[in-house]
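The next block holds one structure in the form of structure tokens; read it before the comments.
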Amino acid sequence: YYVEAVNTNREGENRRSNIVETEACSDIKGYVVGVSDTEDIMPDLLQYDEAGNLTSELIQATDGKTVYTVSDLEPGESAYLHIYAVDFAGNVSEEKVQMVTAPKAEKEYLNLPYALFATEELALSCNEAKINGDIYGADTIAFQGSSLQLDGKASTTGVLSLAGGKMELTEQEEGIEDIILPDYTEAIRADMENSEPLDELTSYNSTEITIPTICESTTGTWCQDVKIGASLLSKGSINLNANTISCGTEEKVVLCSETGDISIQATNFSGNGLIYAPNGTVTINVCDFCYTGTIIAKKIKLQMTSCYMNQE
């Protein structure tokens, strides 16, 4: 635009200012939205009458924002949103294509309220233990160490045996009725899509598991480093011996023995997910233990310098 000064004297000349360009904006009125199974553009979403007025269904916006729900998607299934923005002046934007994915159903065995659950006995020997979540030992819960900080409930059908300098428990119960959890083995096996079948996993070199793996017999590692980035299931026992062991970092990982025990010995152990031995004993002997998730077994025996557990 420009400003012009008009001279009323015929002998004079009109004078114009410099020309300045600017953009006139109109707020977003709403959106035209379509859904398909491909990212190919959908120009047919825009419909006009004979006068050139947009007649497509418009989803109204508030302060430029709206909510659109994509229905009929199975968990993990994806679809493509095709979006045109329309302002109050009737201007229509270019098409925007956005892929959306329905969240996968939460696995029950990865969302239990327990940090530790033993169908027989739970024993923890530790200098310092900080646990966020409930713990359960059917026959007994025994702790021996300098300090135990439990942000949750400790419950047993038997008695609590706590020996230490500093005990901080949010809640504790003795003599309760037995708590029964379902067997999650078949669900875990079914969820291990595209798993790699092995007769036996035995390693004496640094080991990394990147895809779900099912072993028919005993699984063992004796090496410097073990990185388990995908679920590992063994019909027999699992023995992990290493300097450092990580079991799940970005995603939750299941370490499962169907019929045997799980034994872990390391200097440092960190992980995220589930350690599961419904018919055996989970024994963990490490210096530093940092785990987010749940441990379930007949018997749980933890011996470590420091224990930090968080049940999300």
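When reading the values below, keep in mind they use all heavy atoms of this one structure, side chains included, and skip hydrogens, waters and symmetry mates.
Residues Tyr80 and Leu45 do not share a hydrophobic cluster, defined by chaining ILVMFWY side chains whose heavy atoms lie under 4.5 Å apart. Hydrophobic cluster membership differs between Leu81 and Val97, with clusters built from Ile, Leu, Val, Met, Phe, Trp and Tyr side chains linked at under 4.5 angstrom. Under the 4.5 Å side-chain contact rule for hydrophobic residues, Val33 and Val100 share a cluster.
Here the rule is side-chain hydrogen bond (donor to acceptor under 3.5 Å, both in side chains) with Thr244, and of Asp225, Asp288, Thr267 only Asp225 fits it. When each of Glu108, Arg189, Lys107 is tested with Tyr184 by the rule side-chain hydrogen bond (donor to acceptor under 3.5 Å, both in side chains), just one qualifies, namely Glu108. When each of Ile209, Val282, Leu233, Leu240 is tested with Leu255 by the rule side chain to side chain contact (heavy atoms under 4.5 Å, CB included), just one qualifies, namely Leu240. Each of Leu274, Leu110, Thr294 was evaluated against Lys252; a single residue qualifies, Leu110, per the side chain to side chain contact (heavy atoms under 4.5 Å, CB included) test.
Between the side chain of Gln311 and the backbone N or O of Leu112, at least one donor-acceptor pair lies under 3.5 Å. Under the 3.5 Å distance criterion, the side-chain polar atoms of Thr156 are matched with a main-chain donor or acceptor of Ala138. Thr140 places a side-chain N or O within 3.5 Å of a backbone atom of Val159 that can act as its donor or acceptor partner. No side-chain donor-acceptor contact under 3.5 Å links Thr55 to the backbone of Asn53. Under a 3.5 Å cut-off, the side chain of Tyr136 and the backbone N or O of Ile179 do form a donor-acceptor pair. Under a 3.5 Å cut-off, the side chain of Gln47 and the backbone N or O of Asp44 do form a donor-acceptor pair. The closest donor-acceptor contact from the side chain of Thr157 to the backbone of Glu177 lies at 3.5 Å or more, if one exists at all.
Side-chain contact check for Thr292 and Asn272: no donor-acceptor pair (N or O, by modelled atom type) lies under 3.5 Å.
For the atom pair Glu95 CD and Asp40 CG, the distance stands at 9.5 Å (nearest 0.5 Å).
By the neighbour-count criterion of 12 heavy atoms within 6.0 Å, atom CG of Asp72 is sparsely surrounded, having that number or fewer from other residues, nucleotides or ligands. By the neighbour-count criterion of 12 heavy atoms within 6.0 Å, atom CD of Glu173 is densely surrounded, having more than that number from other residues, nucleotides or ligands. Summarising the local packing, NZ of Lys301 is surrounded by 12 or fewer heavy atoms from other residues, nucleotides or ligands at distances under 6.0 Å. No more than 12 heavy atoms of other residues, nucleotides or ligands lie within 6.0 Å of CG in Asp63, so this atom counts as exposed by the packing criterion. Within 6.0 Å of CD on Gln60 lie more than 12 heavy atoms contributed by other residues, nucleotides or ligands. The local environment of CD in Glu57 is sparse, with at most 12 non-hydrogen atoms from other residues, nucleotides or ligands closer than 6.0 Å.
Leu116 places a side-chain heavy atom less than 4.5 Å from the side chain of Leu302.
For Thr185, the side-chain contact (heavy atoms from CB on, under 4.5 Å) test picks out Asp183, Glu258, Tyr276, Pro278, with sequence neighbours left out.
The minimum heavy-atom distance between Cys256 and Ile238, with the atom names listed, is O-CD1, 3.4 Å.
Ring geometry for Phe269 against Phe289 counts as parallel: the plane angle stays under 30°, on a 0 to 90° scale with 60° as the upper cut.
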